[in-house]
Amino acid sequence: MSYLPILPEIVLTAAILFLTLVVVFYQGENRNGVMMTGTIFGLSVTLLTLAFVPPFAGYLFSGMLTLDGMAFFFRWLFPAVGLFVAFMAREFLEVKKAENPGEFYVILLLAILGMMLMASSGDLITIYLGLELTSISSYILAGYLREDPKSGEAAIKYFLMGALASGVLLFGMSLFYGLTGATNLVSISGILHQVGAPPLVLAAMVFLIIGLGFKVAAVPFHMWAPDAYEGAPTPVTAFFSVGPKAAAFAAIIRVFTDGLSSLVWEWSLAFAVLALITMTLGNLTALWQKNVKRMLAYSSIAHAGYIMVGLAAGTWQGTVAMLLYLLAYVFTNLGIFAVVTALGNREGKDELTDFTGLSQRSPYLAAALVVFFLSLIGIPFTAGFFGKFLLFGAAVQSGLVWLALVMAVNSAISVGYYYTVVRNMYLVAPKNKGALPVAGELKLVVTVALLVTLILGLFFEPVLGRLVAFTLPG
Amino acid sequence: MNLQLLAFMILSLVTLGAAFKVITARFITHAALYLALSFVGVAGLFLLLNADFLAAVQLLVYVGAITTMLIFAVMLSQVEEIRQGAAEEGFWRRILSARFGVIPLAVAAALAGVILYLYRFANWKAVPVAPDPNTTRSIGQAMFTTYLIPFEVASLVLLVAMIGAIVLTMKKEDRSR
């Protein structure tokens, strides 16, 4: 048994344990900055290891891990997300006077490790453990601002709903174990191909869809999301809207395309219905929001709906489209939240009216935000366009023309609430005058996110080519 | 009726009855004690399945450690409502109210009905296996071979829970800066 293929995870774990000790023993003043540097370093080394470990494809540790193209994609994506969030967190923790800024980074890294594990697991047990590692870290991060009652509310709501979802998910998994005698996804798939689709298998599948649906905040399992997103510290909201969500999608792809491949007709239908109501309700509710974090929560619910169109397609083209869409969505959304963090650090309320006159106070951030919104809407030459385009194509190929049309209509609806922000920035006189001071690392995050959004939009073909090569069946 | 089935029935009744009392008990300390009883019932079920090691762990960890800790937490808690229990409300009035009684009961009963119906006609894969004379050894071996990765990750889950509990509850002056 070789440990070399999981060296990146081992490096990350070592970094986590080391940083835990640093938090305890480092007595200096600048704990926050030291921990941020350590986190950035740990994640960078993880990414470097990932780049230099010889490529490996196959099953590891008695089938507990599956390392393939998709696993590689997510194991690369999640530490990158961690880098962004760590950069966003430092000034925020300082401004909000968080009591224990050091531990924030340790918990963030543990969540990222859990997400990497979820994406590369080949067994229900590892999927569940990765999910719990991510979820428990997320509950703690949501309630990190102990002085802020909203943060506590976010944590407790997320925790109760998340615990319920985990229970439902576990129940479904236990049913699959009872029915097939296996927890390994490949074995389950083999046995299910023989037994077909008796009622209890379908019931177990519904439990899995509900449990994982909670985690991606699909309507009607989304009610925790707006409160959790609004109350959580802004960098954590940024993390929630991309990290655990993308990881839950990775788990969904694993469970349904690897394990339940014989039931593709049944689950693609279920996801088509979920996608329809999720994107429609998310977009319509977002129109009425006054708080920018709440609006972005509904926007991210709507985007989960778009991504599920790839599942509804039920083909590998759908999976490729999902991955590319996730890539575009993750970096675009991180950019948006960097701007929201920069503004919130000074204004403190995260209301839509805070954005008034941002084009004069910080022309760069305002312009970047417009590009990010264009990407989320799916305008050509931004990353979001090609994601939507591929999802659209996958849906049409699978005969889901109606779903593709609903997606197009929804993109049009979403222009409404993004435009509110743009109008406030460019056409409304500023409430607070004077240039907006922005921390250097937030500018860096915005710039990198902007570059990724534009480069992916202009030169998406090589990326797509690699993704296709990764995920091509067989 | 054979003896094993009888034992299963009694243990299940104890487990379920205690679990029911956990959510209906007025005082949270009582609820914690019922929870312990429910865990004891589960330990008995493990014994019936010839899983002696699991039964012992269940008793030691769940009954011994977790319940004790829960009671300690209640004792140390400052919130009067938690220690004293919620104001008494008529049992039947609660059951008959739509929000707390009828609707949740109907949903739960429907779910239970559907699941029992499906269970009845399912083709369960599990086959009885011969009892393992040395379960501890088998569990230890499985844990460090097949289940190595889950075992390690479980320890990280515990680590994050521990750090989180400290971060979310530790008072400001506890830490020398």
Side-chain angles (χ1 to χ4, degrees), chain A residues 1 6 9 13 16-17 20 23 27-29 31 60-65 98-100 102-104 106-107 109-111 113-114 117 121 123 125-126 128-130 132-137 139-141 143-144 146 152 155 171 175 177-182 191 195 198-204, chain B residues 19 22-23 42 45 49 79 82 104 107-108 110-129 138-139 141-177:
Chain A
M1 192 184 309
I6 60 157
E9 278 84 354
T13 313
I16 289 167
L17 297 179
T20 314
V23 175
Q27 295 295 340
E29 277 299 303
R31 185 182 255 125
L60 274 178
F61 297 100
S62 347
M64 287 289 158
L65 297 181
E99 276 178 40
N100 303 302
E103 284 85 348
F104 182 92
V106 175
I107 297 167
L109 287 180
L110 278 159
L113 184 65
L117 185 78
S121 50
D123 195 290
I125 295 177
T126 29
Y128 178 72
L129 278 168
E132 276 307 276
L133 187 55
T134 312
S135 302
I136 294 176
S137 315
Y139 309 146
I140 301 164
L141 290 177
Y144 214 82
R146 283 164 49 187
F171 189 55
L175 285 180
Y177 180 60
L179 289 165
T180 62
I191 295 164
V195 299
L200 194 57
V201 169
L202 293 181
Chain B
V22 171
I23 48 171
V42 174
L45 289 175
L49 292 169
V79 184
I82 292 179
V107 171
L111 186 68
V114 169
I115 289 176
L116 283 177
Y117 178 78
L118 293 175
Y119 271 24
R120 185 73 188 76
F121 297 101
N123 178 22
W124 294 104
K125 187 82 180 172
V127 281
V129 286
S138 315
I139 287 174
Q141 267 170 359
M143 224 173 236
F144 285 100
T145 52
T146 319
Y147 297 99
L148 179 67
I149 291 280
F151 179 71
E152 296 294 340
V153 176
S155 63
L156 288 173
V157 173
L158 292 180
L159 176 73
V160 75
M162 208 158 68
I163 299 176
I166 294 170
V167 165
L168 291 181
T169 56
M170 192 171 68
K171 287 213 177 71
K172 214 175 203 164
E173 55 270 21
D174 290 356
R175 165 172 257 165
S176 53
R177 276 179 192 267

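Note that this is a predicted model, so its numbers are computed, not measured. Letters go in sequence order (proteins before strands), and every chain restarts at 1.
For the side chain to side chain donor-acceptor pair (under 3.5 Å) test, no residue two or more places apart in sequence or in another chain qualifies with A:T134. Residues forming a side chain to side chain donor-acceptor pair (under 3.5 Å) with B:T146 (at least two apart in sequence, or on another chain): none.
Note that OH of A:Y144 and CG of B:L168 are 8.0 Å apart. Values are rounded to the nearest 0.5 Å. Atoms OG1 and OH, from A:T126 and B:Y147 in turn, are 10.5 Å apart once rounded to the nearest 0.5 Å.
With a threshold of 4.5 angstrom between heavy atoms, A:P199 approaches chain B through its backbone and through its side chain. In this structure, no portion of A:L202 lies under 4.5 Å from any heavy atom of chain B. Using a 4.5 Å cut-off between heavy atoms, A:L113 contacts chain B through its side chain alone, with no backbone atom that close. Residue contact with chain B, scored on non-hydrogen atoms closer than 4.5 Å, involves the backbone and the side chain of A:L133 alike. Contact of A:L129 with chain B is made through backbone and side chain together, with heavy-atom distances under 4.5 Å. At a 4.5 Å heavy-atom cutoff, the contact between A:V106 and chain B is made by side-chain atoms alone. Looking at A:S121, there are no atoms closer than 4.5 Å to chain B (heavy atoms on both sides), in backbone or side chain.
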Output, in order, the C-alpha distance, side-chain angles, deciding distance and verdict of side-chain contact (heavy atoms from CB on, under 4.5 Å) for A:I107 and B:I163.
CA-CA 8 Å; A:I107 297 167; B:I163 299 176; 4.2 Å; yes
Worked check of side-chain contact (heavy atoms from CB on, under 4.5 Å) between B:I166 and A:N100:
CA-CA 10 Å; B:I166 294 170; A:N100 303 302; over 6 Å; no
Test side-chain contact (heavy atoms from CB on, under 4.5 Å) applied to A:L175 and B:Y119, step by step
CA-CA 10 Å; A:L175 285 180; B:Y119 271 24; 3.5 Å; yes
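The residue among B:V114, B:L158, B:L159, B:L156 with the most heavy atom pairs within less than 4.5 Å of chain A is B:L156.
When side chains are defined from C-beta on, A:D123 does not count as touching B:I149, because their heavy atoms never get closer than 4.5 Å.
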